[in-house]
Structure formats: structure tokens, C-alpha cells
Amino acid sequence: MCRSTHRHSLHCILPPYILSQIAKNGSPELRAMAVRSLLIDPTMRLVRASTAGPVTGAIARRRAAAATILTPGPLRTIRDAGGEAEAPGAKVVRREGDAPTGDPAVDEAYDGLGATFALFWDAYRRNSIDDAGMPLDATVHYDQDYDNAFWDGSQMVFGDGDGELFNRFTISLDVIGHELTHGVTEKEAGLAYFNQSGALNESISDVFGSLVKQHLLGQAADQADWLIGAELLTAKVRGVALRSMKAPGTAYDDPVLGKDPQPAHMDDFVRTNQDNGGVHINSGIPNRAFYLVATAIGGNAWDRAGQIWYNALLDPNTRANTDFAGFARVTIEVAARLYGSGSAEAKAVTKAWSAVGVI
């Protein structure tokens, strides 16, 4: 699915089952694009099925605590691949503090990196991806009409989309936040990108991707759309987004893309050998759990609900192989620790995991 010259773990926003549907139902040009991407999918699966690398969050946090910078800021560099399948791109087109370029992809990537940094610092006092001021790099205009965006372990890479089904992949802020959060997860729990731990990995990225957008817009939980990638779909697609956290399985129903396969409850858990064991599919279950927690607690979702999920990600009991039930237990324990065992927050977390059939 993802094409890159890098050998890092790759986490792409567009799942392989959508490309499979395009390969079956699309125009000749779209089918060729999808098949070309799917041909290299087995190799990418092997890369992504492994854990993302050493978990260094604790070390990074100690280093950050000792730093003298009281109010850190992002350090962004945007490169242009010029339509070549090379990342990082050969040409630096915008650095930290530079004025907008007028190229939407460049400026959206720059702003999206900044908005993600702001959410993690403002809400959780996390200094960039590694909590130690890691520079934020991105490559835009990757390949020709490339329908994806991915985090490769060190930077963001964005395609321009095909223009028929998908717009440029920098256009969606929650997609940028989603992909960068994969880097946070790599540095903390290192959730293995397979089966339930992989679906948790994807869900955590959806959670904080949505919170990046809500934080920037100043939206309370009841004002948010809870959609991932709403801006990606062109007007030709029958759908509203890639995924819906509020109502998994309802994001799209299109002749080319097929129907959104996400379940909202464990009764409908999808067992499959595709998509690394359904990591983009079954993520709908913990996604809905977070939505239920955030809306039950109310207010800004990045505050109490987000604080519970963030602290659960950092908790030593969240390990590489943690499944849905394991993560549910950690979030319940964290909520009790932060707000009290009989608190509204702790009750909301327990009720949400029960509502989606995990506990």
C-alpha cells in the first residue's frame, strides 16, 4: 500500500481494503494506481507488523524535564519531492518561522505540524513527538497522484491525491495529527502493528488526530464532527470521511470505495488476515469508546478524556501486545487515579468500554 525508500515502520492513513475496492471498481486509471500500490503491500506488511522500535518515552521525558526551555516551540522543515517517490524531498521549501509560500500543500503541512505540536504541549506538556523537542519534518508532492499520507518513523510524507476520489492529503488536519501520533505511540507503548494492539495503535492516532482539530478550532466534545479525513474525499465520493468515531461503519458507502467496514461493538469484531489483522477496521471499537467517554464527560475532549487516554498510553501496563481489554483496564485505573474511583470520569470510562462490548 505504501511506497517509500525507507525501511522504518510505515503507518498510512488510507487502508489497504480501500485500495482493493478501487482496484476492483475504479476506472482503468484508478485501478492501475491501486494495483501498483497493492503489489508492494506484502513487503510493507512485514515492515509494519513489527513493533516500531525502542520505547524511549521515559528517557525522553527525563531529558525534557531537565531542559532549560520553559516554553518550547516546534522546529519545522518542509521539503518538496517534486512528484518523485523519494522521501525526504530534495528541495527545502519552508523552514520554521518562514512566511507562507502560497503552495497549499506546503503551508497546510507546516500549519498541521504546528497544530499537532500545540495540542501535545498545551494539553499534556509533551515537547514534540519524542518529548525532547524532536524536529518536525515533512515531505509534500510525493510521487504522482499518490493517494496516501504516512509517518515513516522520522517524518511525514504526503501525496497529492488523484483528484477524482481523493484531494491532497495535507488538506485534512486530523490526518496530520493522526500520523504524527503514530510517532508518539512508537516512543511510548510501542504497540505492535498487528491484530488488537495494531487496532489500538490506529485508534490512539484517530483520537489525538481528532483532538488536534478540536483544539485548534476550540470545539467542545459535543461540537466536534468526530470524523477522520472528512476533507480528503472529493465531491464524487458518496461519503463524509474515511472513518467516523461517533458511528463507525457509516463514513462512506460508495460504488468505488465500497462500504465502510468498521464495527462499533465487539459483537461485530472482524477477524481477517488482511490489513495486518484488521488494524484500520477494528479500531472503530476503541474509537467509539473514546467518543462515548468524551461526550459523557463533556467540555473540551482534550482535557479530561484526552488526559486519561494520554496517561494510559504512557502507563507501564500498556505494552507492545496490549489488547482492547488490557487498554480498557488501564484507562479505568488511570481515570480512578486522576479523578477518583467514584468520579464521573471513572464511571464514564467504565460505561463506555462496556457499551462497546470490551468489558
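Side chains included, hydrogens not; waters and symmetry mates left out as well; all remaining heavy atoms used.
Counting heavy atoms from C-beta outward, N317 and E333 have side chains that approach closer than 4.5 Å. Counting heavy atoms from C-beta on, the side chains of R31 and K24 never come closer than 4.5 Å. A heavy-atom distance below 4.5 Å is found between the side chains of S27 and E164. Looking only at side-chain heavy atoms (C-beta outward), I78 and V140 come within less than 4.5 Å of each other. Side chains of T322 and S197 form no contact here, defined as non-hydrogen atoms less than 4.5 Å apart. In this structure the side chain of W226 never reaches within 4.5 angstrom of the side chain of S244, judged on heavy atoms. Using a 4.5 Å heavy-atom threshold, the side chains of D103 and V93 count as separate. Side-chain contact between S205 and H11 is absent, with no heavy atoms from C-beta onward closer than 4.5 Å.
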Go through it in stages, so that I can follow the logic: the residues are W302 and Q307, the test is side-chain hydrogen bond (donor to acceptor under 3.5 Å, both in side chains), and I'd like the CA-CA distance, side-chain angles, deciding distance and then a yes or no. CA-CA 7 Å; W302 63 85; Q307 196 69 247; over 6 Å; no

Where do F169 and Y146 land on the ring pair (Phe, Tyr, Trp, His ring centres under 6.0 Å) test, with the steps shown first? CA-CA 9 Å; F169 279 74; Y146 182 60; 7.5 Å; no

Please test T116 against I176 for side chain to side chain contact (heavy atoms under 4.5 Å, CB included), starting from the C-alpha separation and ending with a verdict. CA-CA 8 Å; T116 304; I176 297 174; 4.2 Å; yes

Start with the C-alpha distance between F269 and F324, add both sets of side-chain angles, then the distance that settles side chain to side chain contact (heavy atoms under 4.5 Å, CB included), and finish with yes or no. CA-CA 11 Å; F269 184 89; F324 290 176; 4.0 Å; yes

Step-by-step side-chain hydrogen bond (donor to acceptor under 3.5 Å, both in side chains) determination, T77 to E96: CA-CA 6 Å; T77 302; E96 186 62 42; over 6 Å; no

Please assess D152 against F150 for the test side chain to side chain contact (heavy atoms under 4.5 Å, CB included), listing each intermediate value before the final yes or no. CA-CA 6 Å; D152 73 356; F150 60 85; 3.9 Å; yes

Do L257 and I22 pass the side chain to side chain contact (heavy atoms under 4.5 Å, CB included) test, and can you show the C-alpha distance, the side-chain angles, and the key distance before you say yes or no? CA-CA 6 Å; L257 300 188; I22 297 171; 3.7 Å; yes

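Closest non-hydrogen pair, R304 versus G298, comes out as NH2-O, 3.5 Å. Of all heavy-atom pairs between G112 and L173, the closest is CA-CD1, 3.6 Å. Smallest separation of non-hydrogen atoms from A251 and D260: N-OD2, 3.0 Å. Between L233 and A241, the closest heavy-atom pair is CD1-N, 3.4 Å. Minimum heavy-atom separation, L211 to G306: CD1-CA, 4.1 Å. Nearest heavy-atom pair, Q262 versus S283, reported as atom, atom and distance to 0.1 Å: NE2-OG, 2.9 Å.
Between the side chain of N276 and the backbone N or O of V279 there is no donor-acceptor pair closer than 3.5 Å. Proximity of a side-chain donor or acceptor of N25 to a complementary backbone N or O of V256 within less than 3.5 Å is detected. Of the possible polar contacts, one joining the D131 side chain to the N127 backbone as a donor-acceptor pair under 3.5 Å is found. Between the D98 side chain and the R95 main chain, a donor and an acceptor come within less than 3.5 Å of each other. The backbone N or O of G258 sits nowhere less than 3.5 Å from a side-chain atom of D254 that would complete a donor-acceptor pair. Side-chain atoms of S203 do not come within 3.5 Å of backbone N or O of L200 as any donor-acceptor pair. Using modelled atom types, no side-chain atom of S210 and backbone atom of V207 make a donor-acceptor pair closer than 3.5 Å. Listed for the R288 side chain is a donor-acceptor partner under 3.5 Å among the backbone atoms of K246. With hydrogens and angles ignored, the 3.5 Å screen pairs a side-chain donor or acceptor of D275 with a backbone N or O of H280. T234 places no side-chain N or O within 3.5 Å of a backbone atom of F166 that could act as its donor or acceptor partner.
Within the structure, ring pair (Phe, Tyr, Trp, His ring centres under 6.0 Å) pairs that include any residue of residues 334-359 comprise W309-W353 (at least two apart or interchain). Listed by first and then second residue, the side-chain hydrogen bond (donor to acceptor under 3.5 Å, both in side chains) pairs that reach into residues 171-181 are S172-D174, S172-E231, D174-K213, H178-H182, H178-E202, H178-D206, sequence neighbours excluded.
Linking Ile, Leu, Val, Met, Phe, Trp and Tyr residues whenever their side-chain heavy atoms come within less than 4.5 Å leaves V240 and I281 in two separate clusters. In terms of hydrophobic clustering, with Ile, Leu, Val, Met, Phe, Trp and Tyr side chains grouped at heavy-atom distances under 4.5 Å, I359 and V293 are assigned to a common cluster. Two different hydrophobic clusters hold L119 and L75 under the rule that ILVMFWY side chains link at heavy-atom gaps under 4.5 Å. Transitive grouping of hydrophobic side chains (ILVMFWY, heavy atoms separated by less than 4.5 Å) keeps I204 and L227 in distinct clusters. Hydrophobic cluster membership is shared by L314 and L338, with clusters built from Ile, Leu, Val, Met, Phe, Trp and Tyr side chains linked at under 4.5 angstrom.
The hydrophobic cluster of V92 has no other members, since no ILVMFWY side-chain heavy atom comes under 4.5 Å of it.
Judged as a side-chain hydrogen bond (donor to acceptor under 3.5 Å, both in side chains), and not counting sequence neighbours, the contacts of T101 are D107. Residues passing the side-chain hydrogen bond (donor to acceptor under 3.5 Å, both in side chains) test with D80, sequence neighbours excluded: none. Shown here are the salt bridge (charged side-chain N to carboxylate O under 4.0 Å, His left out) partners of D160, two or more places apart in sequence or in another chain: there are none.
Heavy atoms from other residues, nucleotides or ligands lying under 6.0 Å from CD of E84 number 12 at most. Counting non-hydrogen atoms of neighbouring residues, nucleotides and ligands closer than 6.0 angstrom, the CZ atom of R125 exceeds 12 such neighbours.
Of the N and O atoms on the side chains of N201 and T185, not one donor lies less than 3.5 Å from an acceptor on the other residue.
Atom NZ of K347 sits about 14.0 Å away from atom CD1 of I332, to the nearest 0.5 Å. With rounding to the nearest 0.5 Å, the separation of CG in L113 from CD in E108 is 11.5 Å. Remark: I285 CD1 to D268 CG distance equals 7.5 Å, nearest 0.5 Å. Here the straight-line distance linking atom CD of E29 with atom CG of D145 works out to 10.5 Å at 0.5 Å rounding. From M245, atom CE reaches atom CZ of F290 across 6.5 Å, with rounding to the nearest 0.5 Å. Atom CG of L19 is separated from atom CG of N148 by 6.5 Å, given to the nearest 0.5 angstrom.
R126 and E188 are joined by a salt bridge, as a carboxylate oxygen and a charged side-chain nitrogen come within less than 4.0 angstrom of each other. Ion pairing between a basic and an acidic side chain is recognised when a charged N comes within 4.0 Å of a carboxylate O; D315 and R337 show such pairing.
Below 30°, between 30° and 60°, or above 60°: for Y124 and Y310 the angle between ring planes is below 30°, a parallel geometry.
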